[in-house]
Amino acid sequence: MFQMPIESRTRMSSSVFHLLEFVGKPLPFPAPLDLCREQVPAAPTCDGLRLAEAAAKSESPEAFRPAFATGDWRVFESYCIARRLPAHHRVVAAGPCDRTLRFVVEGSLRQQGPGDAAKVLLPGAILGEAALFSEGCCNLDVHTLEPAVVLELSLARQRELTAACPEIGFELLRAAGAVIAARGRSCEPADEVAQG
């Protein structure tokens, strides 16, 4: 094994010794392209797991329900930014699309559509999924109705997640597409069969 000369060891700074402590151990932070499910520590309150629980309890067919294992939720959350927002806070302003996915973990949001159309988004809901599949989308006004926790996943971070963990990234896209399909089915008129 290689031995460092004593005179070189004495010249090394304490930061180098600190780095050497991590050799062969999991990183204390997620590395962009070297992320492993086992390396992401369980947070005391994992917002990703709370999102999964909320979606499972939701009766809405439009809830975000990817087939993630517990470790997948932790990896997913490590790419998101958790926002703790007060009541009546503007989450998204109407206008050009920023292509950020938002997930309601706690609280409720109100999405103001064209005219007087409004929709309440409860825990487990996803917001901005159309932006993944469309260039010409447009944001609607979204406000919190009460204090809320929202996970945000920017398009750049979603691309990093897909590059680092393709199976998680593709499952994210599949689940977002399933929400879009559920919304499309709920808007379709009931088929009437003509009896003759």
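Counting begins at 1 with the first residue of the sequence. Keep in mind that what you see is a predicted model, and the values were worked out from it rather than measured.
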Which pairs would a plain distance check flag for residues 169-182, meaning a side-chain donor or acceptor within less than 3.5 Å of a matching protein atom at least two apart in sequence or in another chain?
| unit_1 | atom_1 | unit_2 | atom_2 | d |
| --- | --- | --- | --- | --- |
| Glu171 | OE1 | Arg174 | NE | 3.1 |
| Glu171 | OE2 | Ala67 | N | 2.8 |
| Glu171 | OE2 | Arg174 | NE | 3.0 |
| Glu171 | OE2 | Arg174 | NH2 | 2.6 |

- Task: Output all residues satisfying side-chain hydrogen bond (donor to acceptor under 3.5 Å, both in side chains) with Glu53, sequence neighbours left out; order by chain, then residue number.
- Result: none
- Query: Taking the side chain as C-beta and beyond, is there a heavy-atom pair between Cys80 and Arg157 under 4.5 Å?
  - Reply: no
- Message: Going by ring pair (Phe, Tyr, Trp, His ring centres under 6.0 Å), name the residues that satisfy it together with Phe76, two or more places apart in sequence or in a different chain.
- Response: Phe68, Trp73, Phe103
- Contacts of type salt bridge (Lys or Arg N to Asp or Glu O under 4.0 Å), residue Lys119, not counting sequence neighbours: Glu62
- Message: To the closest 0.5 Å, what do you measure between CG (Leu101) and CD (Gln158)?
- Response: 7.0 Å
- Query: Which heavy atom of Ser60 sits nearest a heavy atom of Ser58, and at what distance?
  - Reply: N-OG, 3.1 Å
- Give the cluster check for Val142 versus Ile126: same hydrophobic cluster or not, with ILVMFWY residues linked at side-chain heavy-atom distances below 4.5 Å. no
- Note on the structure: OG of Ser78 to CG of Leu161, rounded to nearest 0.5 Å, is 7.5 Å
- Item | Test: Asp47 and Arg84 ion pair at under 4.0 Å | yes
- Message: Taking side-chain contact (heavy atoms from CB on, under 4.5 Å) as the definition, give me every residue that meets it alongside Arg159, ordered by chain and number, with sequence neighbours left out.
- Response: Leu155
- Answer yes or no: is there a donor N or O on one side and an acceptor on the other, between the side chain of Thr144 and the main chain of Leu85, under 3.5 Å? no
- Calculate, to the nearest 0.5 Å, the distance between atoms CD and OG1 belonging to Glu167 and Thr162 respectively. 10.0 Å
- Task: Have a look at Leu109 and tell me which of Leu145, Val120, Val104 forms a side chain to side chain contact (heavy atoms under 4.5 Å, CB included) with it.
- Result: Val104
- Query: In chain order, what residues pass the salt bridge (Lys or Arg N to Asp or Glu O under 4.0 Å) check against Arg83, with sequence neighbours excluded?
  - Reply: Glu152
- Query: Taking only residues two or more places apart in sequence or in another chain, which ones pass salt bridge (Lys or Arg N to Asp or Glu O under 4.0 Å) with Glu106?
  - Reply: Arg50
Run the side-chain donor-acceptor check on residues 87-96: report pairs under 3.5 Å with partners two or more places apart or on a different chain.
none

- Say whether Val105 and Phe64 are linked into one hydrophobic cluster, either directly or through other cluster members, by side-chain heavy-atom distances under 4.5 angstrom. yes
- Message: Clusters formed by hydrophobic residues whose side-chain heavy atoms approach within less than 4.5 Å: which one holds Leu140, and what are its other members?
- Response: none
- Task: Sequence neighbours left out, what passes side-chain contact (heavy atoms from CB on, under 4.5 Å) with Ala55? Give chain and number order.
- Result: Ala63, Arg65
- Task: I would like to know whether Leu127 and Gln111 meet side chain to side chain contact (heavy atoms under 4.5 Å, CB included); could you show each step before the answer?
- Result: CA-CA 9 Å; Leu127 177 64; Gln111 182 178 26; 3.6 Å; yes
- Message: Among residues at least two apart in sequence or on other chains, which ones pass side-chain hydrogen bond (donor to acceptor under 3.5 Å, both in side chains) with Ser108?
- Response: Glu146
- Message: Just to verify, what does Ser154 make a side-chain hydrogen bond (donor to acceptor under 3.5 Å, both in side chains) with, not counting sequence neighbours?
- Response: none
- At what distance, to the nearest 0.5 angstrom, does CD of Glu77 lie from CG of Leu151? 6.0 Å
- Task: Identify the two heavy atoms, one from Pro123 and one from Gly107, that lie closest to each other, and give their separation to 0.1 Å.
- Result: CD-O, 3.1 Å
